[in-house]
S.K.: 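Got a structure for you, written out below as structure tokens; questions coming shortly.
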Amino acid sequence: MLLIKNGRVLDPSSRTDAKLDVLLEGERIAKVAPEIQAPAAEEFDAAGLVVAPGFIDLHCHLREPGMENSETIETGTRAAARGGFTAVCPMPNTRPVNDNASVTRAILERAQAASSVRVWPIGAASAGSNGEALAEIAAMKQAGIVGVSDDGRPIATAKLLRQVMDYCRSLDLPVIDHCEDASLFAGAVMREGVQSVRLGLHGMPAAAESIAVARDIQMAELTGARLHIAHLSTRASLELVRTAKQKGLAVTCEITPHHFTLTDEDVRYDSHYKMNPPLGSREDREALLAGLADGTVDAIATDHAPHEPALKDVEFDHAPFGVTGFETALALGLEQLVHSGRISLLRLAELFTTGPARVLGRSRRIAAGEPADLSIFSTDHAWTFHASDSASRSRNTPFDGRSFRGAPMATVVAGRLVWRRERTPSAL
Ligand SMILES: [Zn+2]
Ligand SMILES: [Zn+2]
């Protein structure tokens with residue numbers, strides 16, 4: 001038994017924001033009430049801290065199997081726990097690709113043995129994510145995938161997307177797409193604009209994303225499937241999602257912390273600013289912030305994409321795309337969204353909990369009988385993120401050395417405290 005005392009319980013599902021105790025018994029929440037007495041229970045004093053439902057990251061790369069020099073399920077999920085995440089959804093672009101049930105099972109077995117948080121894999125949409133034949137979606141669903149995607153690249157053609165959507169509709173799985181027009185993307189390393197010209201780097205226009213988003217939304221309308229837009233990054237894409245939602249289509253989207261924090265003006269000759277989709281314009285960022293505030297955006301997702309230093313420490317043009325993200329996501333959300341006055345703390349909690357749960361067709365609540373997954377965080381703990389102290393095997397972040405106000409403090413999965421912050425100045 002674990003008794004979490006004196007915390008500010010924040011539950012977006014019931015719009016609860018109150019000082020309550022939470023008693024956990026086994027893997028479930030036993031009781032939520034003021035002043036619970038449970039002499040036999042281990043106590044966690046959450047005075048001054050927020051107790052939220054367990055954070056879910058809809059989008060990450062754990063690199064196992066196949067790229068263990070960059071990350072493993074063990075190191076990646078340890079970083080996730082330190083970011084407050086209690087469940088993470090790894091994308092299928094491992095080696096081999098997670099395109100059949102035996103790979104799905106191997107990932108889940110490894111997670112069972114090595115992960116402190118829940119691992120909910122995403123299966124590939126097409127075999128090898130090659131954009132030709134369908135992957136073994138039904139068998140992977142049986143094995144435990146929670147969605148499908150060819151992330152790293154878009155689902156190649158409208159015809160294939162239609163097949164994937166027909167399948168996923170009958171299996172009640174979301175189709176998650178990395179939206180990008182391949183012909184406009186070709187060779188690009190950042191967003192096309194004044195800054196790409198200034199740096200002499202090959203850029204892709206914002207339309208490369210929104211053209212694909214428009215295609216996908218029309219296919220969702222045609223098939224009735226649930227469509228989730230991964231790492232949405234442009235104003236035009238957001239506008240398309242907003243209109244689709246107004247029409248009642250089952251379309252959702254996620255935004256990464258780096259896209260709501262940085263813009264293409266921040267890009268320099270440093271591969272820690274190279275990610276796909278690339279950082280957008282100032283106008284894009286403003287639109288994303290508005291979408292986070294008005295409810296158009298369903299989830300904050302990290303797209304945690306670790307790459308070992310040997311891969312990233314090369315010329316900008318040659319470096320792989322992607323940045324790490326688990327350990328800085330909440331702090332960036334607090335900095336950019338809550339402390340800046342753009343959204344409420346309850347809305348931020350929604351973007352990390354009930355929002356992503358809804359994309360997966362699940363619920364997330366702090367109530368008796370629910371799974372005992374909780375994220376406990378501070379809104380004002382002062383700390384500095386040092387990539388060298390990260391639990392991830394990789395160091396590719398543009399936020400190394402950044403100081404924050406607010407941080408994850410403890411992570412509870414299935415009734416167990418899987419991580420808690422040491423309260424020392426140099427922690428994390
Ligand atoms: Zn992607
Ligand atoms: Zn990704």
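Counting convention: from 1, in listed order, for ligands and their atoms alike.
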S.K.: For N/O/S atoms only: which one belongs to D303 and is nearest the Zn ion (ligand 2)?
M.R.: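 The closest N, O or S atom of D303 to the Zn ion (ligand 2) is OD1.
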S.K.: Got a sec: is C60 within less than 2.8 Å of the Zn ion (ligand 2) via an N/O/S atom?
M.R.: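 Of the N, O and S atoms in C60, none lies under 2.8 Å from the Zn ion (ligand 2), which means no.
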S.K.: Judged by atom type as modelled, is there a donor-acceptor pair below 3.5 Å linking the side chain of E209 to the main-chain atoms of S233?
M.R.: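 Present.
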S.K.: If you draw the axis of the six-membered ring of W383, does the NZ or CZ of R402 fall within 45° of it and under 6.0 Å from the ring centre?
M.R.: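 No cation-pi geometry.
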S.K.: Could you report the tightest heavy-atom contact between V297 and C253, atom names first, then the distance?
M.R.: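 Shortest heavy-atom separation between V297 and C253 comes out as CA-SG, 3.8 Å.
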S.K.: I'd like to know if the Zn ion (ligand 1) has an N/O/S atom from D151 within less than 2.8 Å of it, counting both backbone and side-chain atoms.
M.R.: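 Of the N, O and S atoms in D151, at least one lies under 2.8 Å from the Zn ion (ligand 1), which means yes.
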S.K.: Give a yes or no on whether a salt bridge exists between E370 and R364, defined as a side-chain N under 4.0 angstrom from a carboxylate O.
M.R.: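 Looking at R364 together with E370, the answer is no, because their closest N to O distance does not fall below 4.0 Å.
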S.K.: Verify the distance test for H178 against the Zn ion (ligand 1): any N/O/S atom under 2.8 Å, yes or no.
M.R.: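 It does: H178 brings an N, O or S atom closer than 2.8 Å to the Zn ion (ligand 1).
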